[in-house]
Every structure is written in C-alpha cells, then in structure tokens.
Amino acid sequence: MKISIKDCSWIAVWCMLSIFSVFPGTAHAEPFAEEKYSRIMWGYLETLSGFGPRYVGTKGYTQVLELLRRVGAQFADDVLEHPFIVTRHNGEQMRMVNIEFVFNGTAGGRPVLIGAHYDTRPFADQESDPELRKSPIPGVNDGGSGTAVLLGLARYLKEHPVSQPVRLMFFDGEDFGKSGSGEMFLGSNFHANQLEKLPEDQRPKAVLVVDMVGDKDLEIFKETYSMRSGPKLIQRVYDMARRKNFSQFNEKSKYSIQDDHLPFIKFGIPSIVLIDFDYPYWHKISDTLDKCSPESLGIVFSVIAGVLAEW
Ligand SMILES: [Zn+2]
C-alpha cells in the first residue's frame, strides 16, 4: 500500500493515525520509531563501554552476563544458557557460556538465528607498541556494538512481535585466543556442534551474525563467505537497506572475514555476517565509544528488524 499524504484530507490522516495507535504492535510490518531504538541501543553500548574489557575472568564479563540475563528476563519468551568447558593448549580449563533469547513468533517453524559475540579481546594485538599489545581492548565496537544491536532487537521483538520465530544468540569466546591458535569462535563452534545433533527441522533455517557495526563511518560491504553460503539472505538484507535508502550498505564485496558465521556454514546452514571491517581501531586499545554512533547502530538494527518483520 502506498499512501500519498497530500491527496488525503486531514481527517483521513487523523483516522489513519488513530487506527495505528489503537492497535499497536499487531500489524505485520508496522512502522516503528527508529530513533527510540537507536537511543536504547546507544544506552546499552554506553553501559558495555563502562564495564571495560569483558572476557572470561574479568569483572566486566560478570557484568555483561548480568546485563544479558536481566534484559532477557524482561523481553524474551525464554532465556537459555549453554555453558561449555574449553581446554586450552596448556591444559587449563575455562568455563564459558552462550546466552540465547527465545522469541517464539506466531507462525511456528524453524527459527532464524541472529548472533553476536559479547566477549572482548584480551590483548590488543594490532597495536604497534609491544607493551600496548599486552593490554586488553575496550571492545566497544568489537564485541559491544553487536551485543547492543541484539539487546535492541530483544526489546523490539517484545514490542512488535513478528510471526517468524527468532533466536538471539550471544556468543562467548569469539575473540579469546591468538590468531591461528584454534582458540577463537569458541561459543559459535560449540553451538554449531550442538545444533548439528538436532533433527534438521529443529535447526535454524538461517544465521545472521553482526559484528563491528557501530563505527561512526559505517560502510558494510558484502562479505564473501556470506555471499556463497547465504546469497538469498544477504540479498534480502541489502534489498531492505536499499528500500530504506541506507547507502551505508555497499553492494560490492571487499573482504573474506572469519567470524561466528563460519561454524554454521560448515554444516550447511545459510549464514552471513554483517561487518564493517574498515575500522582503524580494530584490536587496539582505541576501540572506544567515541568511534561509534547511535545512528550506525540504528541503521543496522532497522535493516534487520525490517527483514524479520517481513520474513
Ligand atoms: Zn575482534
């Protein structure tokens, strides 16, 4: 339906507005207040930034888990915890946990999984100064922004239920180990292995991962593993961005990124990642709140919410 306001009398406009306000949250692809959710997500990102580094064993890790549990209890139909033990190369054992928010939807069927990692990197390995490389990163964009978008989506899905069942997955241990150590993507690997044991009709039909989506200077290119694994899903996302006039979604491909989508690709679920990898503060101690913006979070949120509402 296309409405031209200038052809309507003010009475007709008033009637339409009244209809929307009388039946909130029931329309299928109802318009929503994007600014409101941008503000909410920015609030979450400020909170995460205030926690400092958030990897297993830190105070910030305990705090982010408390935040996830509290928001999940507030908005999700159910919250599931998936603890797992990681044995490191030196024999040390660590307990990590993925948190899952369940939204049942009204239509039933296989869910869509939207994922982000909530942990932050314990060392700033992209710093040129060897001393700085030992410091943990604040992880406001890398670890924080995806988490904030998922928390915003949790509130949105409570306030604007969609027919499509949705699982919001907060992965642990994405950024834990050194590159090539096999100690990265720990939470998503664990979850993919768990899902592989399920009958096919209980597995997610698609996986969409968000990571590093808060950059003020947002530009999201199509990621190449995603294009091969989930061409229809990525097109659905980019079509939605185009309809919303978000030029920050660039149709060109630029990078192949290893991220939490790969474990799901390996066992055949169409899976994509939305990531802005042109971020000079990646894995540096300068990955701080001032490099991010509420508008960028809002753009990515708005596209995903639009895709979910129309699924
Ligand atoms: Zn990272």
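Both ligands and their constituent atoms are indexed starting at 1 by order of listing. Since the structure is predicted, the reported quantities are computational estimates derived from the model, not experimental observations.
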Revision key, fill the gap. For the Zn ion (ligand 1), the nearest N/O/S atom on D142 is atom OD2
**Study point:** Qualifying residues under salt bridge (charged side-chain N to carboxylate O under 4.0 Å, His left out), relative to K158, sequence neighbours excluded
**Key:** none
Practice item. Confirm or rule out an N/O/S atom of H117, from backbone or side chain, lying less than 2.8 Å from the Zn ion (ligand 1). Key: no
Exercise for review: Decide whether D259 and Y225 meet the rule of one side-chain donor and one side-chain acceptor closer than 3.5 Å.
Suggested key: no
Point to revise | Side chains of L151 and L67 in contact at under 4.5 Å (non-hydrogen atoms) | key: yes
Study note, to complete from the structure: For D175, the N, O or S atom at the shortest distance from the Zn ion (ligand 1) is OD2
Exercise for review: Could you pull out all residues at least two apart from W282 that satisfy ring-ring contact (aromatic ring centres under 6.0 Å, His included)?
Suggested key: F277
